[in-house]
Amino acid sequence: MWDRLITDCHVLTMEPIGDDPLGLIRNAAIGIHEGRVVRVGRRTDLAGTRAAEVVPLGGAFVTPGLVDCHTHLVFGGTRATEHAMRRAGASYEDIASAGGGIASTVAATAAASVTELLEQSRARLHALMRGGVTTVEIKSGYGIDPASELRLLNVIRTLARSEPVRVAPTLLALHALPKGADRAAYVERMVEDLLPTVARLGLATSVDAFCEGIAFTPQETERLFEAASAHGLPVRLHAEQLSNSHGAALAARHRALSADHLEHLDEAGAAAMAASGTVAVLLPGAFYTLGETKRPPVDLLRKHGVPIAVASDCNPGTSPSLVPQLAMNMACNLFDLTPEEAIAGMTVNAAAALGLAHEVGTIAPGKAADLAVWRIAQPAELGYWMGLQPERRIFGGQDSPTP
């Protein structure tokens, strides 16, 4: 006997059926046992199945639980002042040069106690969960030394262990160079001291860097990636956000799970990503907040068959967003993704960007029963509404309301 049979619903399996990229099964049912999907199919095909609980959904749509594959969720303070500076014409680089940007969040994060960081971050996590997120990536990066980075990773671990959500912790080892620091010595410390400790303690499932003119060079990034590989950790990269540093091609050489932002991606980078299976993670919240005009080359990504994911990029400076549906809507309205691409971007492709495609992102036998139930009339509404919340969030097969 199964634990639950969810019935009277329309299921977006996210496994293509014929010409339908969403794998829609109308008048469907989902069998769940011990937290996993046992079977999904037409309601009539599962008629007579015995289950401890039958849950009729009254014609609602069911998707995989949303996957937010790029966030900086753990931080102290806000950067509302910088919002005003941008409105007055200051650029990202101007703000960073004036001591704002990442450096100001590093200071606010250091000043916050662990309890304060947990409380603030938990509230943000709950907001994403209310939006239907069942899997979330959370980066470190707002520490300026190994000890402060380990502190943040431990906060992330505490959140993961105390909330009904799947957390993919990422070590953002090279995020911002502290003012006055020696570049070579700083990189050496983060690569040779921090990274081995994180790997030994199992505090991260991937390693990331910010490869950009105002951050770290391709050569510094490559050194980090080589060390990550030696410790068995996959890599991801903030690439081509403000300029073309050829970071996407570098990430592809290291078979990165993803390259993220990509506004300045060229065709060689797109081709390299396609060959390596690296997912393109688009972050429309940052594009919007920074007032950028150069959009990611979505047509190039389509041409080369690069999987496209979408994420909130929740962070205090460039994407203060806690609404998954807004990211999907912006991806459609700002980057011209289709609603189907946006839905795939926060389910199946986002799962691939985290190396979790075997576990989440589609509704299929053997996968985790992490689901979102939507009271909509058609799937396109998921890329249309700005702030729609599911009427039900299911994690590990059980209803999981959030505060």
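Of the possible donor and acceptor atoms, none in the side chain of Glu15 sits under 3.5 Å from a partner among the backbone N and O of Ala364. A donor-acceptor pair under 3.5 Å links the side-chain atoms of Asn315 to the main chain of Asp313, judged by distance alone. Within the 3.5 Å criterion, the main-chain N or O of Tyr384 finds a donor-acceptor partner in the side chain of Asn329. Under the 3.5 Å distance criterion, the side-chain polar atoms of Ser319 are matched with a main-chain donor or acceptor of Ser312.
With rounding to the nearest 0.5 Å, the separation of CZ in Arg43 from CG in Leu5 is 9.0 Å.
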Practice item. Start with the C-alpha gap between Arg393 and Asp399, add the side-chain angles, then the distance that decides, and say whether salt bridge (Lys or Arg N to Asp or Glu O under 4.0 Å) holds. Key: CA-CA 6 Å; Arg393 177 183 177 276; Asp399 289 331; over 6 Å; no
Practice item. Applying salt bridge (Lys or Arg N to Asp or Glu O under 4.0 Å), run through Arg151 and Asp145 and close with a yes or a no. Key: CA-CA 10 Å; Arg151 177 174 178 256; Asp145 54 45; over 6 Å; no
Point to revise | salt bridge (Lys or Arg N to Asp or Glu O under 4.0 Å) assessment of Arg4 paired with Glu53 | key: CA-CA 5 Å; Arg4 303 185 96 185; Glu53 181 185 13; 3.0 Å; yes
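Aromatic rings of His264 and His246 (six-membered ring for Trp) have centroids beyond the 6.0 Å cut-off, not under it.
Considering only heavy atoms from C-beta on, Arg166 comes within 4.5 Å of Asp370 through its side chain.
Checked for salt-bridge contact, Arg223 and Glu192 meet the test: a charged N lies under 4.0 Å from a carboxylate O.
Residues that satisfy the salt bridge (Lys or Arg N to Asp or Glu O under 4.0 Å) test with Glu340, not counting sequence neighbours, are absent from this structure. Scanning for side-chain hydrogen bond (donor to acceptor under 3.5 Å, both in side chains) contacts around Glu119 gives an empty result, with sequence neighbours left out.
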Using a 3.5 Å cut-off and no angle test, enumerate the donor-acceptor pairs between side-chain atoms of residues 266-275 and protein atoms at least two apart in sequence or in another chain.
unit_1	atom_1	unit_2	atom_2	d
Asp266	OD1	Ala268	N	3.4
Asp266	OD1	Gly269	N	2.8
Asp266	OD2	Asn244	ND2	2.9
Glu267	OE2	Lys303	NZ	2.6
Glu267	OE2	His304	NE2	3.0

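Under a cutoff of 6.0 Å and an axis angle of 45°, Arg255 and Phe225 do not form a cation-pi pair.
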